[in-house]
There are 2 protein chains.
Amino acid sequence: MIITQKSQYAMRAVFELARREGCGPVKIGEIAEAQAIPPRFLENILNQLRQGGLVESRRGKEGGYLLSRLASEISAGEVIRLTQGPICVAECCGGTVEERCPFHGDCVFLPLWERASRALESVYDGTTIADLVGQEMTRHAGALMYSI
Amino acid sequence: MIITQKSQYAMRAVFELARREGCGPVKIGEIAEAQAIPPRFLENILNQLRQGGLVESRRGKEGGYLLSRLASEISAGEVIRLTQGPICVAECCGGTVEERCPFHGDCVFLPLWERASRALESVYDGTTIADLVGQEMTRHAGALMYSI
DNA sequence: ACAAATCTCGATTAAGTCGATAGAGATACT
DNA sequence: AGTATCTCTATCGACTTAATCGAGATTTGT
C-alpha cells in the first residue's frame with residue numbers, strides 16, 4: 001500500500017503534537033502552518049484521528065488538539081491505519097474474506113501478499129512517534145555540532 | 001504500494017507460463033482462460049512484460065508467449081516493477097530526488113518510508129516464480145494425501 | 001502468393017480514488 | 001452575548017486504474 005498524502009499529513013500533525021507534548025491544546029492553524037498542511041484538509045484528518053481515539057480536542061477559545069496518549073505509546077502503524085485503513089498490500093489479504101479473488105481462499109499468491117503485509121506492519125508498528133521526535137533531535141544536535 | 005489488479009494478472013500469467021515451461025509458446029487466449037484474466041487486458045500486460053525482457057513472443061499461427069529465463073531466475077519483484085514501477089511506499093522515497101516533499105531531503109519520515117520499502121523489496125525479490133510453482137505443487141500433493 | 005491465426009500498438013472509455021475546499025452548525029471560554 | 005474554535009457532511013476537479021477496441025504487422029502452412 002502506498003502511503004497517501006493524507007497519511008503523511010497525519011503523521012506530521014501527530015509529530016507536531018508530540019513535540020508540544022504538555023503545552024496544552026494546539027490549534028489546527030498552528031499545526032497547519034508548522035507542518036505546511038492545507039488547514040481545511042487538516043481539519044478532516046484530525047477529526048478522523050480523534051474518532052479513532054488518538055487525539056483529543058478542546059473547543060472554543062484556547063481550544064485545539066492534543067495527544068490522548070504519550071508519544072512513546074503511539075506507533076506509526078496506528079496513524080496509518082486510522083487514515084488509510086488496514087496495512088496490507090492487496091485487497092484479498094486485508095479484508096475478512098476471500099473477496100475479489102477468482103480463486104477464493106485457494107490462491108498461490110496469498111501467502112506472498114501476507115508476508116509482504118506483515119513485513120510492512122512490523123516496520124510501522126515498531127516505530128513510535130517518540131522515536132521520530134528523538135531522531136529529529138539527534139539529527140538537529142548533529143547539525144549544531146557542525147556549526148560550532 | 002498496493003499490488004494492483006494488473007500486477008496480480010501479470011503474476012498469474014507468468015506463473016502459468018512457468019507451469020508450461022518447455023512446452024513452446026502459449027497463446028494469450030489460453031493463459032487468459034487458465035487464469036481468469038480479461039484477454040484484451042492481458043495483451044497489454046504481456047506486451048509490457050515483453051518490453052521489459054521478461055517474456056518473449058512468437059507471432060503467427062502457433063505463436064504465443066514464453067518466459068525468456070528460467071522461472072527460478074525470475075523474482076516476484078521483477079514482475080511487480082515491470083507492471084507498476086519501483087517498489088516503494090511513498091513518492092518521496094522511490095524517485096530520484098526530493099520531490100513532492102515540503103522538507104526537501106530533510107524529512108523525519110524518509111528513513112521510515114525507506115525501511116518499509118526495503119522490507120517489501122526483500123520479500124518480493126526473495127521469492128521466485130519457481131518458488132510459487134513449487135508451493136502450489138506441494139499444496140496439491142497435500143490435498144491428494146488427504147483424499148487417499 | 002494467399003489466407004488464417006496470432007501478436008503489436010495506440011487510443012479510448014468508465015469508474016473509482018485522492019487531495020482539497022466549502023458552508024453551516026455546535027461548543028466553550030471570556 | 002460574542003468570538004474563536006472545533007464538527008460534520010457535501011462537493012469538486014484531477015488523476016489513476018481496469019478494461020476494451022480497431023487497425024496493423026508478422027509468421028505459419030498450403
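Residue numbering restarts at 1 for every chain, and letters A, B, ... go by the order of the sequence lines.
Counting any heavy atom pair closer than 4.0 Å across all strands shown, G64(A) reaches sugar-phosphate atoms only and no base atom. As judged by a 4.0 angstrom heavy-atom cut-off over every strand, L46(A) is placed among residues making no nucleic acid contact. Using a 4.0 Å heavy-atom distance criterion, Q51(A) is classed as a sugar-phosphate-only contact. Within 4.0 Å of E56(A), counting heavy atoms only, lies no atom of the nucleic acid at all.
Between L54(A) and R69(A), the shortest heavy-atom contact is CD1-NH2, 3.3 Å.
One finds no side-chain N or O of R59(B) lying less than 4.0 angstrom from the OP1 or OP2 phosphate oxygen of dA4(C). Listed pair R50(A) / dT7(D) meets the phosphate criterion, a side-chain N or O lying under 4.0 Å from OP1 or OP2. Distances shorter than 4.0 Å separate none of the side-chain N or O atoms of R58(A) from OP1 or OP2 on dA26(C). Remark: Y9(B) is in phosphate contact with dA19(D), judged by side-chain N or O atoms under 4.0 Å from OP1 or OP2.
Judged by atom type and distance alone, N47(A) does not reach the base of dT9(D) through any side-chain donor-acceptor pair under 3.5 Å. Contact of R40(A) with dA20(C) (side chain to base): no donor-acceptor pair of N or O atoms is detected under 3.5 Å. No hydrogens or angles were tested; on distance alone, nothing pairs the side chain of N44(B) with the base of dT8(C) as donor and acceptor under 3.5 Å.
The interatomic distance linking E43(B) (CD) with dT20(D) (C1') rounds to 10 Å, in whole Å. Protein atom NZ of K6(B) is 20 Å distant from nucleotide atom P of dG16(C), rounded to whole Å. Residue K27(B) contributes atom NZ, which lies 12 Å from atom C1' of dT27(D) at whole-angstrom precision. Between the CD atom of Q48(B) and the P atom of dG10(C) there is a distance of 12 Å, rounded to whole Å. Put simply, OH on Y65(A) is 14 Å from C1' on dA4(D), counting in whole angstrom units. Spacing between atom CD1 of I28(B) and atom C1' of dA5(C) amounts to 12 Å, rounded to whole angstrom units. One atom, CD of E30(A), and another, P of dA4(D), lie 15 Å apart when rounded to the nearest Å. We find that CZ of R12(A) is positioned 13 Å from C1' of dG19(C), with the value rounded to whole Å.
Of the candidates S57(B), C23(B), P25(B), P25(B) is the only one forming a side-chain contact (heavy atoms from CB on, under 4.5 Å) with L66(B).
For the residue pair S72(B) / T128(B), no side-chain donor-acceptor distance below 3.5 Å is found, with atom types taken as modelled.
Within a 6.0 Å sphere centred on CD of E56(A), other residues, nucleotides and ligands contribute more than 12 heavy atoms. Within a 6.0 Å radius of CD in E21(B), more than 12 heavy atoms belonging to other residues, nucleotides or ligands are found.
Nearest-nucleotide assignment on DNA chain D puts the 5′-proximal partner with K61(A), out of K61(A) and S57(A).
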